[in-house]
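Notes follow the structure.
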There are 2 protein chains.
Amino acid sequence: MISASLEDYLEFVHNTILEKKEIKAIDISKAFNISRPSVSEALIRLADMDLIIYEGRKGIKITKKGIEQAQKTVKKHKILSDFFTEILKIDREQAEKNACKIEHVIDDEIIEKMKKYKESKLENNEQS
Amino acid sequence: MISASLEDYLEFVHNTILEKKEIKAIDISKAFNISRPSVSEALIRLADMDLIIYEGRKGIKITKKGIEQAQKTVKKHKILSDFFTEILKIDREQAEKNACKIEHVIDDEIIEKMKKYKESKLENNEQS
DNA sequence: ACATTTTGTTAGGTTTACCTTACTATGTAT
DNA sequence: ATACATAGTAAGGTAAACCTAACAAAATGT
């Protein structure tokens, strides 16, 4: 099982690669406000788990396994954050912040029910 | 700030004292499946934070500050678990399990909105 | 081309939350 | 009363996730 911290970093690696085609260790350091050595260490652990391929300055690549992992987290994040904003009327910033923490501990079944609930709620609103 | 583990132990101390009038270190050890030395260590940390008064075999007492802390956690736990069962139709066991983890990371504002949401939903159901 | 800045690594340290092994003190049972 | 079991402590260890200081390599600016 992957830790919350590593999951966060992997999610960021994934999102950044999608957005900007590449990512460097320093980007993670800046994004999460952690030291460069801590990023090195984390990337080595992610590589040990075959979630990324890390070759120092040569770049960070995400593996198939890593993409699958990251997508699961991204999906949870999105459903949580949408549920919070659209159903509970939480402001975006706070919804995002809480999604970031809850995505690491919540079960898939609850996420699925949140998604279904939101969908059925929005259908009803369209009819009214 | 208190850690998730310590918050769990404090919550259990509080609930057990309410239920059975007293609690021993060994009870925590059994409930959370952690070693006796780990419990000792945790209780010392809780005592350092003035959340409990710990005098070894003489017993564990919870302070005013500890009760307040524990009640906050219990409240979050209950609102989460009720929201999951009543709104999202999650079964009790899974709702409890997830509440246990989410209660440590979720903001008060979201908890409040969940509570309000559930209350207004139940009102509507009474009318229909 | 050379100096400076940027990026990453090494080495060593801290804290939290666990663990095991071994010891001590307390309670119980006969 | 003594032997045994239970509860707690002491000592020492591990792994994760962070840190700083110092160094090395690479990229950039002039």
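Proteins get letters first, then strands, A, B, ... in listed order; numbering begins at 1 in each.
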Quiz item: A:I102 pairs by side-chain contact (heavy atoms from CB on, under 4.5 Å) with which of A:L80, A:I111, A:I110?
Solution: A:L80
Quiz item: What's the spacing between B:I62 CD1 and B:L10 CG if we round to 0.5 Å?
Solution: 4.5 Å
Quiz item: In residues 13-30 of chain A, which residues come under 4.0 Å of DNA chain D by heavy atom?
Solution: none
Quiz item: So B:K76 and B:E11, salt bridge (charged side-chain N to carboxylate O under 4.0 Å, His left out) or not? Walk me through it.
Solution: CA-CA 11 Å; B:K76 281 190 179 188; B:E11 189 183 0; over 6 Å; no
Quiz prompt | Below 4.0 Å: OP1/OP2 of C:dC18 and any side-chain N or O of B:Y9 | solution = yes
Quiz item: Pick the nucleotide of DNA chain D nearest each of A:N33 and B:E41; which residue has the one closer to the 5' end?
Solution: B:E41
Quiz prompt | Rounded distance in Å - CD1 (B:I34) to P (C:dA17) | solution = 10 Å
Quiz item: Taking only N and O in the side chain of B:S35, is any of them less than 4.0 Å away from OP1 or OP2 of C:dC18?
Solution: no
Quiz item: Checking only heavy atoms, does the side chain of A:R57 share a donor-acceptor pair with the base of C:dT7 at less than 3.5 Å?
Solution: yes
Exercise. Would you grab the first and last nucleotide of DNA chain D (5' to 3') that comes under 4.0 Å of any non-hydrogen atom in chain B?
Key: D:dA7 to D:dA10
Self-check item: Reference residue A:K30; test side-chain contact (heavy atoms from CB on, under 4.5 Å); the match among A:I26, A:I28, A:N33
Solution: A:I26
Quiz item: Is the shortest heavy-atom distance from the side chain of A:L6 to the side chain of A:S3 under 4.5 Å?
Solution: yes
Quiz item: Does atom CD of B:E22 have more than 12 heavy-atom neighbours, drawn from other residues, nucleotides or ligands, at distances under 6.0 Å?
Solution: no
Quiz item: So with a 6.0 Å cut-off around NZ of B:K118, is the heavy-atom count from everything else above 12?
Solution: yes
Quiz item: Quick one: A:R45 CZ to C:dT9 C1', roughly how many Å, whole number?
Solution: 15 Å
Practice problem: Using ring pair (Phe, Tyr, Trp, His ring centres under 6.0 Å) as the criterion, list what pairs up with A:F12, not counting sequence neighbours. | Solution: A:F32
Quiz item: Taking everything shown except A:K101 itself, do over 12 heavy atoms lie less than 6.0 Å from its NZ?
Solution: yes
Self-check item: Sugar-phosphate, base or nothing in reach of A:Y54, heavy atoms under 4.0 Å
Solution: sugar-phosphate
Quiz item: Base, sugar-phosphate, or nothing for B:S38, non-hydrogen atoms under 4.0 angstrom?
Solution: base
Exercise. Examine C:dT10: is either OP1 or OP2 under 4.0 Å from a nitrogen or oxygen in the side chain of A:S40? Give yes or no.
Key: no
Quiz prompt | Atom-to-atom span, CZ of A:R36 to P of C:dT5 - whole angstrom | solution = 14 Å
